Protein chains: 2
Amino acid sequence: MATGRPHRPATRSRGIPEATVARLPLYLRALTALSERSVPTVSSEELAGAAGVNSAKLRKDFSYLGSYGTRGVGYDVEYLVYQISRELGLTQDWPVVIVGIGNLGAALANYGGFASRGFRVVGLIDADPELAGRQVAGLTVLHSDELERVVEENGVSIGVIATPAGAAQQVCDRLVAAGVSSILNFAPSVLAVPDGVDVRKVDLSIELQILAFHEQRKAGENAAALPEPENGEVTPVEPPATAAVTRGRTDREGQPARPDGGPDSDGGTDSAPAVMPA
Amino acid sequence: MATGRPHRPATRSRGIPEATVARLPLYLRALTALSERSVPTVSSEELAGAAGVNSAKLRKDFSYLGSYGTRGVGYDVEYLVYQISRELGLTQDWPVVIVGIGNLGAALANYGGFASRGFRVVGLIDADPELAGRQVAGLTVLHSDELERVVEENGVSIGVIATPAGAAQQVCDRLVAAGVSSILNFAPSVLAVPDGVDVRKVDLSIELQILAFHEQRKAGENAAALPEPENGEVTPVEPPATAAVTRGRTDREGQPARPDGGPDSDGGTDSAPAVMPA
DNA sequence: GTATCTTTGTGCACGCGTTCACAAGGGCAT
DNA sequence: ATGCCCTTGTGAACGCGTGCACAAAGATAC
């Protein structure tokens, strides 16, 4: 998942919990599919199954929006689609700019999921003069100089950053200065923004690293469960050699020593050395 | 953030909280940057700033890994990089396959962030016979028929799905059957997997919809704060016409009526109609 | 009109995650 | 060696999110 990031005290005013907001698009997608199959009503149990969540959670989520169900029957699909769309703000048209038209930016520009839900790409922007003028996804790529103009002329409030990490903060600053107040950031960098600006981050590398963590633990479980040592002298759970062979992984070499002369917590227990990634 | 998804009771065994695991890659990135600048030590305050989190949270996160800091001084950068890398499993080599080499799949294949942290793309797979044989990011695209072979020969345990939604579940099933136990899913669909398989979802459309929700609320705040009505008859917070003009948005038309003959909760209060997205 | 059945909506309790605030601990100056 | 100062590590309190379990409410059959 893209990593969440708070920003405001939470969800204020009408007080729809952030966790619920994050699930609404999921429900909406499932409901849209039902709508296309002309299914008139759906129970919380069915819909929860389609969305991959617990039915109690779904009912509680909907209860924040109001009482849109009918006891003994379920929810009216069309009506619920409308209510959720409205709640999410999808009944409006949201002009979007994408900055950084590399592989990822081009992929985003071509992504059909945007247009289908009220999002309209109105500008593709790149710093490379070579790209300016090229056609991508039916739009002409503009040079960075045009960023402010495009944002202001189209009343853009949502910007997508798909530049390299080094350029992200600068692009972000310019977007914000031009009037953008919501940013979807694909660059692997932490963005500093003023109050009132929302940033959501999607980081492919982080997602993979989280998967690797769980994968490593799974591998460790298949081996004998080591007794837990006490007192901060942590015994690392290393995937045993058998697992490494089984799945064809290879460990690398080199390992920094503990900086001070203090006790090396890995002493004797960590037989699988490593080097830090670039 | 990419939307999280639980699956197992939480983080078991050595008990590093899931939320902490999700932040470790963030710390690692900041530490790597410091390492490249040859900074020897860093305080929790500095590092927290660079990672965009609270310093108390950072210290608590690190406390789950062990006592790696020095009071009065801070943390040794190199040593911490190593410890986090090891904890995340990045000291191993993780072969990865990417299925679905469209715009997004190609972008992922070219993404440098993979290789730099122990992830090695060993297979690009697509169902389109046209693509088979083409070179993408220095690798030859293989046809879907080869999926099982590539997974087994390389001992792949992490798979990336970048196919259209319709193909995702089938691809997922085949990956799992072939031995993959961690999946990063970019397709907008809910994947059903057996126990023991981890799925993380990255959904661009959902991220945008969450931004739209907050953006809509921001617009609503600038107008007069409506008094909250009681009794489930929810008065929608509609961005007033002034805001729409200011930012150049346009509302669409059409709105489903409430299914039963019951009270229309929007009666008189919701002047901004809408249509559901495709 | 009454009884029964189905499904919603929610009160409540529990657990995870965050934050505060401070004691413990190590360096450094004197 | 001693005392001061700085930063870590963590106990405790709080708040959010989840899931259970059930009462409320509408539909349906008779």
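The chains referred to below are lettered A, B, ... by the order of the sequence lines, with proteins before strands, and numbering in each begins at 1. Being a predicted model, the structure only gives us computed values, none of them experimental.
Applying the salt bridge (charged side-chain N to carboxylate O under 4.0 Å, His left out) test to A:Arg23 and every residue at least two apart in sequence or in another chain returns A:Asp61.
At C:dT7, none of the side-chain N or O atoms of A:Ser44 fall inside 4.0 Å of OP1 or OP2 (strictly under the cut-off). Here A:Tyr75 reaches the OP1 or OP2 of C:dG9: one of its side-chain N or O atoms lies under 4.0 Å away. The phosphate of C:dT7 (OP1 or OP2) has no side-chain N or O of A:Tyr68 nearer than 4.0 angstrom. Contact between the side-chain N/O atoms of B:Thr70 and the OP1/OP2 oxygens of C:dG26 is not found at any separation under 4.0 Å.
When ring centroids are compared, B:Tyr79 and B:Tyr68 come within the 6.0 Å threshold.
You won't find any donor-acceptor pair under 3.5 Å spanning the side chain of B:Arg71 and the base of D:dT7, going by distance alone. B:Lys57 contributes no side-chain N or O that forms a donor-acceptor pair with the base of C:dT19 under 3.5 Å. No donor-acceptor contact under 3.5 Å links the side chain of A:Lys60 to the base of D:dG17.
Each end of the helix from C:dG1-D:dC30 to C:dT30-D:dA1 gets its own axis from five base pairs, and the two axes differ in direction by 10°, given to 10 degrees.
Among the heavy atoms of the strands, none lies under 4.0 Å from A:Phe62.
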Exercise for the section: Output, in order, the C-alpha distance, side-chain angles, deciding distance and verdict of side chain to side chain donor-acceptor pair (under 3.5 Å) for A:Gln209 and A:Ser205. Expected result: CA-CA 6 Å; A:Gln209 291 176 49; A:Ser205 176; 2.9 Å; yes
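Between the CD atom of B:Glu45 and the P atom of C:dT19 there is a distance of 13 Å, given to the nearest Å.
Nearest-nucleotide mapping onto DNA chain C: of A:Ala56 and A:Gly72, the residue sitting toward the 5' end is A:Gly72.
Under the 3.5 Å distance criterion, the side-chain polar atoms of A:Gln169 are matched with a main-chain donor or acceptor of A:Ala192.
Between A:Leu28 and A:Val81, the closest side-chain pair of non-hydrogen atoms falls below 4.5 Å. Side-chain atoms of A:Leu208 and B:Arg117, non-hydrogen and from C-beta on, never get closer than 4.5 Å to each other.
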